[in-house]
Protein chains: 2
Amino acid sequence: MNREILQKYITSILPMPTDKSAFFAEQFEPIKFSKDELLLKENKINKDTFVLESGYIRSFTFNQNDEEVTTNIFSAPCFVNDFLSFFKQQPTSENYQCLTHCKLWTMSYEKVQTCFHTYPEFREFGRMMLVTNYSNLHDRMLGMVKDTAENRYLKLMKNHPDIFQNVPLKFIASYLGITDTSLSRIRKEIASK
Amino acid sequence: MNREILQKYITSILPMPTDKSAFFAEQFEPIKFSKDELLLKENKINKDTFVLESGYIRSFTFNQNDEEVTTNIFSAPCFVNDFLSFFKQQPTSENYQCLTHCKLWTMSYEKVQTCFHTYPEFREFGRMMLVTNYSNLHDRMLGMVKDTAENRYLKLMKNHPDIFQNVPLKFIASYLGITDTSLSRIRKEIASK
DNA sequence: GTAATTTCTTGCCAAATGGCAAGTATTTAC
DNA sequence: GTAAATACTTGCCATTTGGCAAGAAATTAC
């Protein structure tokens with residue numbers, strides 16, 4: 001595992017002096033998960049925050065017909081958390097599942113709180129992390145309202161081509177809000193052009 | 001205008017002693033907008049944060065065909081902000097338009113920063129505000145992926161029946177990710193049951 | 001390496017949603 | 001109060017997406 005990747009990711013969220021980012025990166029602990037392991041289970045509390053260094057994770061829940069729905073796909077580097085569950089220390093309603101072997105950095109809720117209280121820059125960092133994640137989610141929401149399924153597919157393909165090499169299409173389809181059958185047809189249609 | 005409403009709303013986001021919430025409520029200034037006025041314009045920076053006391057606001061942008069798309073509908077009490085534009089002080093890509101006469105409470109970016117630096121509880125409040133808004137957006141996202149258009153309509157009807165009395169259906173339809181024609185048919189279908 | 005499992009594609013048809021245009025209802029402007 | 005503008009509904013038909021099932025392709029387990 002490579003703590004410099006973590007440090008660089010921290011700086012990408014909030015630019016700061018190297019010694020600061022290095023110190024904050026020091027506060028995380030490395031952890032590895034195997035494929036198919038669950039990082040977080042529904043009805044449990046998200047007690048640790050995670051930063052993904054390498055690998056792929058999805059979150060999923062169930063619809064009215066008890067079918068799995070993939071709600072998010074995480075590709076490194078990024079935070080992997082249910083923010084509501086983590087910051088309010090209340091149960092989550094989703095499952096977080098590793099789709100590949102995963103390397104992560106983790107920090108306990110208590111330690112995060114301590115850092116918030118102790119280091120002003122860490123607070124700024126935390127705030128920017130939330131704002132960035134809010135903004136990403138907002139953009140995804142806009143896509144759901146503005147774009148066709150085909151355009152959502154094309155955007156994901158453009159921004160995260162790596163996901164298509166590492167995550168089964170059925171999960172990607174669900175994440176895009178369509179069925180795997182439809183995604184297969186959209187791909188066929190695009191390929192024929 | 002009624003500052004107690006603001007104070008109560010602050011407490012609903014993060015429970016705190018009355019004197020604290022009263023003090024924070026004091027930091028906001030009242031402001032009123034007429035119907036159709038723009039609170040925030042695309043390409044401008046979101047320089048003030050707003051809390052809506054009464055009235056209805058929508059945010060909108062444009063799709064590839066230059067058609068307006070309603071991205072959010074705000075009903076009191078709630079924060080009305082482009083968080084990315086506000087916290088990063090960078091231009092927004094959306095327009096925020098009053099759909100009725102609106103009463104709001106406002107605080108400048110500089111004052112928010114000062115309060116963050118000065119009052120630990122204000123920081124906590126700001127964090128919870130972000131987490132709450134993230135969570136609401138996340139739930140809306142889940143609805144887009146999990147629910148049919150009809151179910152999204154029914155949920156909105158259940159959780160915010162007041163919106164249907166105050167916001168034109170064409171904006172609601174767009175917000176739900178469908179056309180006004182489809183919404184009209186869904187309503188007809190439901191009424192016939 | 002082979003069998004079993006999972007994933008992906010495709011054909012058939014159904015259901016949901018959209019586009020357009022006309023007509024009705026409601027709201028706004030003066 | 002009346003005319004104009006806006007919002008909403010509806011019919012007709014097209015397009016998109018879904019459901020199911022069968023088969024092909026790829027991956028996994030042993």
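Every chain is numbered from 1, with letters handed out A, B, ... down the list of sequences.
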Quiz item: When you measure from the side chain of A:Lys188, which nucleotide among C:dT10, C:dT28, D:dG18 comes out closest?
Solution: C:dT10
Self-check item: Distance in Å, B:Asn72 CG paired with B:Thr61 OG1, rounded so as to fall on 0.5 Å steps
Solution: 12.5 Å
Practice problem: Using only side-chain N and O atoms of A:Ser184, determine if any of them is under 4.0 Å from OP1 or OP2 of C:dC8. | Solution: no
Quiz item: Can you tell which of C:dC20, C:dT17, C:dT9 lies closest to the side chain of B:Thr181?
Solution: C:dC20
Quiz item: So, does A:Arg3 use its side chain to make a donor-acceptor pair with the main chain of A:Ala25 at under 3.5 Å?
Solution: yes
Quiz prompt | Length of the line joining B:Phe171:CZ and C:dT27:C1', which is rounded to integer Å | solution = 14 Å
Quiz prompt | Protein-nucleotide distance (B:Leu176, atom CG; C:dG18, atom P), rounded to Å | solution = 11 Å
Quiz item: How many Å lie between OH on B:Tyr153 and C1' on D:dC8, as a whole number?
Solution: 13 Å
Quiz item: Taking atom types as modelled and ignoring hydrogens, do the side chains of A:Asn81 and A:Thr49 form a donor-acceptor contact shorter than 3.5 angstrom?
Solution: yes
Quiz item: Are any of B:Lys170's side-chain N or O atoms less than 4.0 Å away from OP1 or OP2 of D:dT6?
Solution: no
Self-check item: B:Asp180 vs B:Asp36, nearer the 5' end of DNA chain C by closest nucleotide
Solution: B:Asp180
Quiz prompt | Atom-to-atom span, CG of B:Asp147 to P of C:dA16 - whole angstrom | solution = 15 Å
Exercise. Measure from the ring center of B:Phe50 to the ring center of B:Phe86 and say whether it is less than 6.0 Å.
Key: no
Quiz item: To the nearest angstrom, how far is B:Met144 atom CE from D:dT17 atom P?
Solution: 12 Å
Quiz item: Can you tell me how far C1' of C:dA15 sits from CZ of B:Arg185, to the nearest Å?
Solution: 13 Å
Self-check item: Integer-rounded Å distance: C:dT7 P and A:Glu68 CD
Solution: 10 Å
Practice problem: Output yes when at least one side-chain N/O atom of B:Ser182 is less than 4.0 Å from OP1 or OP2 of C:dG18, else no. | Solution: yes
Practice problem: Decide, yes or no, whether a salt bridge links B:Glu68 with B:Arg58 under the criterion of side-chain N to carboxylate O below 4.0 Å. | Solution: yes
Quiz item: When all nucleic acid strands are considered with a 4.0 Å heavy-atom cut-off, which category describes A:Thr179: base, sugar-phosphate, or nothing?
Solution: sugar-phosphate
Exercise. Figure out the CG/C1' separation between A:Leu169 and D:dA25, and round it to whole Å.
Key: 12 Å
